[in-house]
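Working notes, structure below.
Start at 1 and go down the list; that is how both ligands and their atoms are numbered.
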Amino acid sequence: MRIVALTGAGISAESGIPTFRGENGLWKKYRPEELATPEAFFKNPETVWEWYFWRRRIIAKAEPNPAHMALKKLEDNLGNDFWIITQNVDGLHQKAGCKNVVELHGNIWFDRCTSCSYIWEDREIEFKGVPKCPKCSSTARPDVVWFGEAVRNIDRAYELASNADIMLVIGTSAQVYPAALLPIVTKENGGKIIEINLERTQLSYVADEVHLGKAGEILPKIVEKILSERKRIL
Ligand code: NAD
Ligand code: ZN
């Protein structure tokens, strides 16, 4: 049995990391849509970086919650038949011990040079000015995908989605393409969609199962059910 989990900001909400579409997503008077763009960075790199350091401080304190741990259990049991495709930049799946993680939007703990494209890990959490490239001293940017930029690893994600028997869609509003198409790819290839979210989404109309509630409460139960059914088949 092959399983893929597509995760969004909602899976990390119970770890204390605000989603963008929620009141807690606000920093000072800005909306994330006004900060996570190439235009905003070009106009004011200091402000954008200050916001990223604020987010890093929240993420640095965050621990994986029962939803992340449930996915770790799936990986422990299924090995390479289980993969996570995430839109998150927080690295909490890796902190939970997962290895099979495909990041569509990059990772907040990496910087990239705007001039020579060099990428490096940066664990700094205090804003001390705009980070500079260690190779050429040009301005650095967070190595994440902003609104209007192309997602990463999409070919790998499509391949995983098309081979999955089950696609778990957890805490994502499924509004942003092409990520929102991945569950449809699974379904068109004969797989099943199981959605977990606080509220119904556009995907709910085509999902085989929709579970409304907190991922940290619901996902561990779903994972237990999947694993016991798998044992029965084996
Ligand atoms: P989103 O559009 O995926 O929305 C979050 C979804 O999670 C909503 O549908 C909401 O109903 C659901 N949700 C909230 N709490 C939940 C819970 N406890 N259990 C289950 N579902 C829950 O994501 P967004 O917040 O609009 O962010 C857009 C993009 O910004 C992301 O794709 C990501 O790249 C980035 N982002 C990342 C993080 C992170 O890494 N933790 C956090 C915020 C934003
Ligand atoms: Zn450089």
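Counting heavy atoms only, Val89 comes closest to atom 40 (O) of ligand 1 of the residues Val169, Val89, Val144. Relative to atom 42 (C) of ligand 1, the option among Gly91, Ser12, Pro18 with the closest non-hydrogen atom is Pro18.
Atoms of ligand 1 found under 4.0 Å from any heavy atom of Arg21, numbered from 1 in the order shown, are 2 (O), 25 (O), 26 (O). If you number the atoms of ligand 1 from 1 as listed, the ones under 4.0 Å from a heavy atom of Ile17 come out as 41 (N). Close approach of ligand 1 to Lys214 (heavy-atom distance below 4.0 Å) involves ligand atoms 19 (N). Interface of Gly213 with ligand 1, defined as ligand atoms under 4.0 Å from a residue heavy atom, comprises 19 (N), 20 (C). When each atom of ligand 1 is checked for a heavy atom of Glu199 under 4.0 Å away, the hits are 11 (O).
Between Glu124 and Arg56, no side-chain nitrogen of the basic residue sits less than 4.0 Å from a carboxylate oxygen of the acidic one, so the salt-bridge criterion is not met. With respect to Lys231 and Glu229, no salt bridge is recorded, no charged nitrogen being found less than 4.0 Å from a carboxylate O.
Given atom 23 (O) of ligand 1, the protein heavy atom at minimum distance is Ala9 CB, 3.6 Å. The nearest protein atom to atom 31 (C) of ligand 1, hydrogens excluded, is given as Gln87 O, 3.8 Å; this is a heavy-atom distance. Among all non-hydrogen protein atoms, the one lying nearest atom 41 (N) of ligand 1 is Asp90 OD2, 2.7 Å.
Residue-level proximity to ligand 1 for His105 is carried by the side chain, the only part with a heavy atom below 4.0 angstrom. Here Ala13 has side-chain heavy atoms under 4.0 Å from ligand 1, and that is the only part of it that gets that close. Counting heavy atoms under 4.0 Å from ligand 1, residue Glu14 touches it through the side chain alone. Residue-level proximity to ligand 1 for Asn197 is carried by backbone and side chain together, each with a heavy atom below 4.0 angstrom.
Inside a sphere of radius 2.8 Å centred on the Zn ion (ligand 2), the protein N/O/S atoms present are Cys113 SG, Cys116 SG, Cys133 SG, Cys136 SG.
Thr114 places a side-chain heavy atom less than 4.5 Å from the side chain of Phe41. Residues Ile84 and Leu71 meet the side-chain proximity criterion, which asks for heavy atoms closer than 4.5 Å.
Under the 4.5 Å side-chain heavy-atom criterion for grouping Ile, Leu, Val, Met, Phe, Trp and Tyr, Ile184 is connected to Leu104 within one hydrophobic cluster.
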